[in-house]
Amino acid sequence: MYTGMWTHLHDSNEETSNKTLGNTMRLIRNIYIFCNIVVSVEGWAPKLPEGKELATNYSNMALRKVPTDLAPATTTLDLSYNLLFQLQSSDFHSVSKLRALIVSHNRIQELDIKIFEFSKELRYLDLSYNRLKIVTWHPLAALRHLDLSFNDFETVPICEEVGNMTQLETLGLSGAKIQKSDFQKIAHLHLNTVFFGLRSLSHYEEGSLPLLNTTKLHIILPMEVHFWVLLCDGLKTSRILQMTNIDGKSQFLNDGPPRHLTSENSKTSTLLFSKVDLLWDDLLLIFQFVWHTSVEYFQIQDMMFGGQVYLDHNSFDYSDSVMKAVRLEHIHFRVFSVPQDRIYLLFTKMDIENLTISDAKMPHMLFPHAPKRFRSLNFANNILTDELFKDPIQLPDLNTLILQGNKLETLSLVSCFANRTALMYLDLSQNLLQHGKDENCLWPETLISMNLSSNKFADSVFRCLPRNIQILDLNYNKIQRVPKEIAHLKSLQELNIAFNFLTDLPGCSHFRGLSVLNVEMNLILSSSREFFQSCQEVKTLNAGKNPFQCTCELRNFIRLEKHSVGMMVGWPDSYICEYPLNLKGTLLEDVYLSELSCNTALLIVTAVVLLLVVVMPVAVCFLHFDVPWYLRMLGQWMQTWHRARKAAQEQLRRNVQFHAFISYSARDSLWVRNELVPNLEKEDGSVLLCLCERNFDPSKSITENILSCTEKSYKSIFVLSPSFVQSEWCHYEPYCPDNSDHTILLVLEPIPLYCIPTHFHTLKALIEKKAYWEWPKDRRKCGLFWANLRTAISANLIDAREMCELQTFTERNAESWGSAVSLMRTDCV
Ligand SMILES: *[C@@H]1O[C@H](CO)[C@@H](O)[C@H](O)[C@H]1NC(C)=O
Ligand SMILES: *[C@@H]1O[C@H](CO)[C@@H](O)[C@H](O)[C@H]1NC(C)=O
Ligand SMILES: *[C@@H]1O[C@H](CO)[C@@H](O)[C@H](O)[C@H]1NC(C)=O
Ligand SMILES: *[C@@H]1O[C@H](CO)[C@@H](O)[C@H](O)[C@H]1NC(C)=O
Ligand SMILES: *[C@@H]1O[C@H](CO)[C@@H](O)[C@H](O)[C@H]1NC(C)=O
Ligand SMILES: *[C@@H]1O[C@H](CO)[C@@H](O)[C@H](O)[C@H]1NC(C)=O
């Protein structure tokens, strides 16, 4: 209702970019609701800002009276298509701001213009299609548009006051009689459009129309038409003349214009006929008449023609004309018996620039053999076939050819024809065109724009394109891909392949300069690498409504709009995932494909980094708390425990008196006394150690002592330190089997291999194998170390002693008594 504001808002809406359309629409809706509230409140608070408009529409409401409750702020009031038969002064008192009043299609018979006295701003008054016979005039200074057409006036209702309406631009008139005296009163007005809506015309005084000064004259003819005289006078009146309802069936045209009518002094350059129904001969006469007037552009729309032909076409006089363009649109034939050739040639022999014969169901077209200087031909929406190009046609100046909507089939034929012209624009859309692989195409160098949409072209069409093509429309064809082996189209700027069967975004390696690409509604799943490599020049891309597969391959494509806003036509609404199924229906804009999941290199790097992040602390802990040492200890403990169990029986058969025999260097004796002994030998005496200080028999040699101690002990522990290796090991080397379970090497201080004399093979081997226990420098680890060592040497010596006794007893029986006693005493107790 609130048109002014609405229009304004609508404009601003159009300026808004697509992206914010949703928001804007919401905003507009809100504002519009607000405006509606304002409007409905207006009834009792009439304060609209200056220049705003309020339209009130009472159209088609069967009103018999003008409503009394008109909003005072109303600027436009539509009362058309009602049953009003009278307008009164009081009707419009309340609407002093009224600028436009439409009262057409009512039943008003009489009107006093004075009722608009107080509507000082009234500019537009439409009283057409009433039954007006009498108008009482009053000058309305502001009036610009006054329409009194299609009323029942006896004479044209013009008087002095109309002459005083100096603002008048458009004037609609009617009247059964038209005479000069009526027009003399407004001859001084400079009008834009004069419009005659005539229901009947009983009398026309020749020379009346030319009194008017108007740019455009439009006459809607009544049935009993004075066609020729109105045409002649009309041509003398305005630059643009339009005549509607030329019905020659029942009329008199046949004889041609009366002799006294001449085309001298004609002013019209544009002549428009519409709703024409003529015999062919009448049409010919009209053409011949108009041919020698000032008309440069002659258009006939909605024409029906037919009938017999009596006139001789060859006598048509083409000479002496300023005609430049003829346009025939929407032509229907009635039963018709004219040889087609004559009709075609009547038009193609015209030496004019532009010829249009469209929507005429014309099956063929012929051209004279001599070259013609047509520059533009438009035969759109006929039924022309390849026959058209069978005969050579000479149109060297032709630069525009429109054959849209015909039945052409062979593109190469068109190209051969085009090669003999200077064609720049060629529209072949909506035909049945195809291109065979073996056919040759010859296009003129001049051709830069082609419309090949809605044909049957497959991929091979790319082999038949003009070299200099700039704009190419291949909409609605059957193209599956752009072939790789085609000529380079350096100048191509716009390429439209929408509504085809492309499965990939095409690359631009054959048209590097492309800036507009349309591939809407194809079968494109994802974007190709080639597209991103070669289509850098593309500024506008329409790839909407494709069945996108929203996987990593599409990621660059999704990013495209983010990088260059406004590049993607229809973004985001037309870009929707089709696959995978869980994303079906999602806008591409909303699809999140993380960098990580898509970039393999990045994924690897990240994994490595993560691994490092996790592993580093572990490794640091590992090293800091010396976990390997603990593990090794655990391993050793497991091993010894296992061995101990397995070997228990066998080992205990020996005469074991001590859990361990400790051998060490004198230098380490302090450590042995203070550390080792207290830690291994518990107070309860459950662990017995054989120490040289305590248990060596001074009467025997060192070697004998060692041998005896080794034999009496379950394990032998060698406390290794460099000094021990150098001074003591020589005694033990011979008794130390390199894989003995009985031997435990306890390394007190690290012993570099080079410190070990070469002949100590066993020791060297053991050290190399790391088959030793290392005394931990870290105090915290000592507890575990000792526990482990205790396990290694633990054995049930009581059992062993009993077994030993049993064994000894048996041996005593078998061998001599004396030695057995001594053995028992020295070995077993
Ligand atoms: C009033 O409404 C009718 C249809 O109901 C429409 O044709 C006409 O243009 C409207 N008039 C104005 C001034 O908007
Ligand atoms: C027309 O205007 C002129 C002066 O502008 C005035 O003298 C004359 O009376 C007016 N005619 C009518 C009929 O109002
Ligand atoms: C008609 O009006 C135009 C201005 O619109 C003016 O230039 C021209 O001289 C007028 N012609 C006549 C015959 O008064
Ligand atoms: C002829 O056609 C061309 C192209 O269609 C157009 O630019 C030109 O204005 C036309 N000329 C006339 C006189 O209508
Ligand atoms: C037609 O095309 C051929 C090959 O492209 C060219 O050599 C010849 O000059 C063209 N003829 C005309 C009249 O343009
Ligand atoms: C090609 O022709 C079709 C109609 O046949 C039209 O819709 C389209 O806009 C034309 N393309 C160009 C680029 O003019």
Side-chain angles (χ1 to χ4, degrees), residues 163 166-171 183-194 207 209-217 236-240 265 267 269-272 294-299 321-329 350-359 372-382 395 397-408 421-433 446-457 469-477 492-500 515-518 520-521 540 542:
T166 48
Q167 302 283 314
L168 213 56
E169 289 169 0
T170 305
L171 181 59
F183 293 147
Q184 267 150 4
K185 294 164 196 156
I186 53 167
H188 60 282
L189 291 181
H190 301 166
L191 296 167
N192 198 328
T193 304
V194 175
L209 288 174
L211 289 172
L212 298 169
N213 185 354
T214 178
T215 311
K216 179 173 179 185
L217 177 64
K236 289 172 193 161
T237 306
S238 59
R239 207 162 51 69
I240 303 169
N265 301 325
K267 292 183 187 173
S269 61
T270 301
L271 177 60
L272 311 164
S294 56
V295 173
E296 295 176 359
Y297 178 84
F298 186 18
Q299 171 180 307
S321 176
V322 292
M323 188 69 78
K324 289 193 176 120
V326 171
R327 186 177 184 94
L328 307 178
E329 278 179 329
M350 292 173 177
D351 210 10
I352 54 178
E353 280 180 25
N354 293 359
L355 173 64
T356 298
I357 304 177
S358 68
D359 294 287
K372 282 291 172 187
R373 60 181 190 108
F374 287 113
R375 296 171 67 80
S376 163
L377 289 177
N378 180 349
F379 299 138
N381 303 316
N382 286 290
L395 300 168
D397 297 330
L398 191 66
N399 63 34
T400 301
L401 177 60
I402 298 169
L403 293 171
Q404 181 202 98
N406 281 284
K407 301 211 177 305
L408 303 173
T421 67
L423 217 51
M424 294 171 73
Y425 176 72
L426 176 59
D427 185 350
L428 294 171
S429 60
Q430 300 177 24
N431 277 279
L432 308 169
L433 285 163
T446 47
L447 190 53
I448 52 171
S449 176
M450 275 222 274
N451 193 340
L452 300 178
S453 67
S454 304
N455 277 288
K456 295 171 148 190
F457 289 118
I469 190 88
Q470 291 173 5
I471 300 171
L472 180 59
D473 191 339
L474 281 166
N475 255 320
Y476 289 102
N477 278 288
L492 193 60
Q493 290 162 7
E494 283 186 43
L495 178 58
N496 188 339
I497 328 183
F499 298 92
N500 276 278
S515 71
V516 178
L517 178 61
N518 187 346
E520 198 186 352
M521 277 296 255
T540 307
N542 185 350

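Since the structure is predicted, the reported quantities are computational estimates derived from the model, not experimental observations. Just so you know, ligand 1 is whichever comes first in the structure, and atom 1 is the first atom listed for that ligand.
- What sits closest to atom 13 (C) of ligand 4 on the protein, heavy atoms only, is Lys324 CB, 3.9 Å.
- With respect to atom 12 (C) of ligand 4, the closest heavy atom belonging to the protein is Asn354 ND2, 3.3 Å.
- Less than 4.0 angstrom separates some heavy atom of Ser429 from each of these atoms of ligand 6: 2 (O), 4 (C), 5 (O).
- The line from CG of Asn455 to CG of Leu433 is 4.5 Å long, rounded to the nearest 0.5 Å.
- For the pair Ser454 and ligand 6, no heavy-atom separation below 4.0 Å is found.
- In terms of protein heavy-atom proximity, atom 5 (O) of ligand 4 is nearest to Ser376 OG, 3.6 Å.
- Considering CG of Leu401 and CG of Asn378, their distance stands at 8.5 Å, rounded to 0.5 Å.
- In this structure, the separation between CG on Leu217 and CZ on Arg239 is 13.0 Å, given to the nearest 0.5 Å.
- For Met323, the CE atom sits in a packed shell: over 12 heavy atoms of surrounding residues, nucleotides or ligands are nearer than 6.0 Å.
- For atom 2 (O) of ligand 6, the nearest protein heavy atom is under 4.0 Å away.
- Of all the atoms in ligand 6, the ones that sit under 4.0 Å from a non-hydrogen atom of Gln404 are 4 (C), 5 (O).
- Closest to atom 14 (O) of ligand 3 among all protein heavy atoms lies Asn213 ND2, 3.2 Å.
- At a threshold of 4.0 Å, the pair Lys324-Glu296 counts as salt-bridged, since one of the basic side-chain nitrogens sits closer than that to a carboxylate oxygen.
- Ligand-side atoms of ligand 6 in range of Gln430: 4 (C), 5 (O), range being under 4.0 angstrom from any heavy atom.
- Protein heavy atoms all stay at least 4.0 Å away from atom 9 (O) of ligand 6.
- Here the straight-line distance linking atom OH of Tyr297 with atom CG of Asn354 works out to 8.5 Å at 0.5 Å rounding.
- Annotation: the span from Arg375 atom CZ to Arg373 atom CZ amounts to 9.0 Å, rounded to 0.5 Å.
- The protein heavy atom nearest to atom 4 (C) of ligand 3 is His190 ND1, 3.6 Å.
- Among all non-hydrogen protein atoms, the one lying nearest atom 6 (C) of ligand 6 is Asn451 ND2, 4.1 Å.
- For the atom pair OG of Ser321 and CG of Asp351, the computed distance is 9.5 Å after rounding to the nearest 0.5 Å.
- Close approach to Ser453 involves these atoms of ligand 6, each under 4.0 Å from a residue heavy atom: 1 (C), 2 (O), 3 (C).
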Query - Steps toward side chain to side chain contact (heavy atoms under 4.5 Å, CB included) verdict (Asn542, Leu517) - result: CA-CA 6 Å; Asn542 185 350; Leu517 178 61; over 6 Å; no
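- Residue-ligand proximity, Asp473 to ligand 6, at heavy-atom distances under 4.0 Å covers atoms 1 (C), 8 (C), 10 (C), 11 (N), 12 (C), 13 (C).
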